[in-house]
Amino acid sequence: LSVTNGTSVMTGIGIVNLIYARQLMHWAVGASVMMNEIAASYDDFMSEPLNEAKRHEGQQEIARMMRQWVEGSQCVRKRENELYNGKHEEKIFTHKVQPYYSLRCIPQILGPVYDELLNAEKVLINEINSACDNPIVDPDTQNVYHGGNFHGDYVSFEMDKLKIAVTKLAMLAERQINYLFHDRINGILPPFVNMGVLGLNYGLQASQFTATSTTAECQTLSNPMYVHSIPNNNDNQDIVSMGTNSALLAKTVIENAYQVMAILMMGIVQAVDCLEIADRLSPRSQQVYKEIRAFFPVFREDTPKYKEIERMMVYLKKGRFQEK
């Protein structure tokens, strides 16, 4: 009974969810750095002084991870060198002084996601190391205690929070896709990073439809199961956790987010080739670019992309990250 009842199943699913969500968060950090390399952004949005002014550990950690990833890049700019040197004579700035939120606010957006992953880990590890059924037999007191340690509210609530966090991550990736694909927004790339003939070829236009619809599904699935209790068992079980449902919905949201991230990474490497900046990326970005191009070569002619998206998802799930 203790194997099949209690919180065992929802906790097991939750641990797998957590592993994949952590991997996805690292990709969100890396993709965001590469996005800012493509946009030639000023790098002060990830600076230590700016992010230490906001007293959230997750934000500060995301900024630190970004600084580590971007180290050695020749693409990002130093604001103090270009705008604070007393030599700037432009009447109208041709390069955006402050980029769109989807480029500039990464530490503030992914910081809460990072914090939630830490909290989810704490809750799940505590649950794994708990006696999660009923009754509890205590050899010290020689008593049998009847209660509700089988109740899954901790895991249910955490899986709801996790899927909300991952949905926000998918929303960020979708907005970054839109930045890459919208030539009037980025001002430096062809529509839909189309390296073929404009008007004849589509680039990654069709893939954007997949990304937007999948993100929308994540938003709908992010409604909480934690508050959807339905009584059963002759009202003996009159308020329940729905924790396994919550964990399974979180699993779907995470899988969806990998699909959106896959399309973003496809767009990123196409953009790098459009701009011919591969040799100016940070060493870590260059490594990712080369690994992706090994199985997803540059393309100009239209072909179905579902196989490439699937291969990209496999790559993202197996990616190697050193957490420091």
Could you state the interatomic distance from [atom1] ([X]) to [atom2] ([Y]), rounded to the nearest 0.5 Å?
X	Y	atom1	atom2	result
Asn232	Gln237	CG	CD	4.5 Å
Ser102	Leu172	OG	CG	6.5 Å
Gln60	Met65	CD	CE	14.0 Å
His56	Glu61	NE2	CD	15.0 Å
Leu204	Thr210	CG	OG1	10.5 Å
Met10	Asp153	CE	CG	9.0 Å

Could you tell me which residues satisfy side-chain contact (heavy atoms from CB on, under 4.5 Å) with [X], sequence neighbours excluded, listed by chain and number?
X	value
Asp140	Asp138
Asn245	Met225, Met242
Gln74	Arg280
Leu248	Ile13, Thr244

If you apply the rule side-chain hydrogen bond (donor to acceptor under 3.5 Å, both in side chains), what do you find for Thr11 with Glu127, and how did you get there?
CA-CA 7 Å; Thr11 304; Glu127 194 66 48; 5.0 Å; no
At their closest point, which heavy atom of [X] faces which heavy atom of [Y], and how far apart are they?
X	Y	result
Ala262	Met313	CB-CG, 3.8 Å
Ala31	Met265	CB-SD, 3.7 Å
Ile230	Val240	O-CG2, 4.0 Å
Asn17	Leu162	CB-CD2, 3.9 Å
Ser207	Ile309	OG-CD1, 4.4 Å
Ala250	Met159	CB-O, 3.8 Å

Do [X] and [Y] have side chains that get closer than 4.5 Å, going by heavy atoms?
X	Y	result
Thr214	Tyr258	no
Val272	Ile277	yes
Asn256	Leu221	yes
Asn149	Asp133	no
Gln270	Leu275	no

Answer yes if the side chains of Gln259 and Glu255 hold a donor-acceptor pair under 3.5 Å, and no otherwise.
no
Please check if any side-chain donor atom of Gln176 sits under 3.5 Å from a side-chain acceptor atom of Ser32, or the reverse.
yes
Looking at [X], I want to see if its [atom1] is surrounded by more than 12 non-hydrogen atoms of other residues, nucleotides or ligands under 6.0 Å.
X	atom1	answer
Gln205	CD	yes
Tyr306	OH	no
Tyr20	OH	no
Tyr145	OH	yes

Side chain to side chain contact (heavy atoms under 4.5 Å, CB included) evaluation trace for Ser229 with Ser241
CA-CA 6 Å; Ser229 175; Ser241 73; over 6 Å; no
Hey, does the side chain of [X] reach the backbone of [Y] with a donor-acceptor pair shorter than 3.5 angstrom?
X	Y	value
Arg77	Ser41	no
Ser73	Cys75	yes
Asn51	Ser47	yes

Strictly by salt bridge (Lys or Arg N to Asp or Glu O under 4.0 Å), give each pair with a member in [range] just once, sequence neighbours left out.
range	result
residues 234-254	none
residues 38-51	Asp43-Lys78, Asp44-Arg79
residues 267-276	Asp273-Arg293
residues 305-315	none

Any ring pair (Phe, Tyr, Trp, His ring centres under 6.0 Å) involving residues 147-178? Give me the pairs, sequence neighbours left out, ordered by first then second residue.
Phe157-Tyr226
Compute the centroid of each ring, for Tyr315 and then for Phe295, and state whether the two points are separated by less than 6.0 Å.
yes
Does the pair Val253 and Cys218 meet the rule for a side chain to side chain contact (heavy atoms under 4.5 Å, CB included), with working shown?
CA-CA 5 Å; Val253 166; Cys218 288; 4.1 Å; yes
Would a single hydrophobic cluster contain both [Y] and [X], if residues Ile, Leu, Val, Met, Phe, Trp and Tyr are joined by side-chain heavy-atom contacts under 4.5 Å?
X	Y	answer
Ile188	Leu281	yes
Leu169	Val16	yes
Leu24	Ile19	yes
Met171	Ile164	no

List the steps and the verdict of side chain to side chain contact (heavy atoms under 4.5 Å, CB included) for Met66 and Trp69.
CA-CA 5 Å; Met66 294 187 77; Trp69 188 296; 5.6 Å; no
Other than Val298, which residues form its hydrophobic cluster under the rule that side-chain heavy atoms must be closer than 4.5 Å?
Met195
Would Ser285 and Glu37 count as a side-chain hydrogen bond (donor to acceptor under 3.5 Å, both in side chains) if you check the C-alpha gap in whole Å, the side-chain angles of each, and the deciding distance to 0.1 Å?
CA-CA 9 Å; Ser285 294; Glu37 290 184 287; 2.6 Å; yes
What side-chain donor-acceptor pairs closer than 3.5 Å can you find for residues 177-185, not counting sequence neighbours?
unit_1: Asn178; atom_1: OD1; unit_2: Gln208; atom_2: NE2; d: 3.3
unit_1: His182; atom_1: ND1; unit_2: Arg184; atom_2: N; d: 3.4

Show which side-chain atoms of residues 108-123 pair as donor or acceptor with protein atoms under 3.5 Å away, not counting sequence neighbours.
unit_1: Asp115; atom_1: OD1; unit_2: Gly58; atom_2: N; d: 3.1
unit_1: Asn119; atom_1: ND2; unit_2: Glu158; atom_2: OE1; d: 3.2
unit_1: Asn119; atom_1: ND2; unit_2: Glu158; atom_2: OE2; d: 3.0

Hey, mind stepping through Trp27 and Val288 against side chain to side chain contact (heavy atoms under 4.5 Å, CB included) and telling me if it holds?
CA-CA 10 Å; Trp27 278 117; Val288 168; 3.8 Å; yes
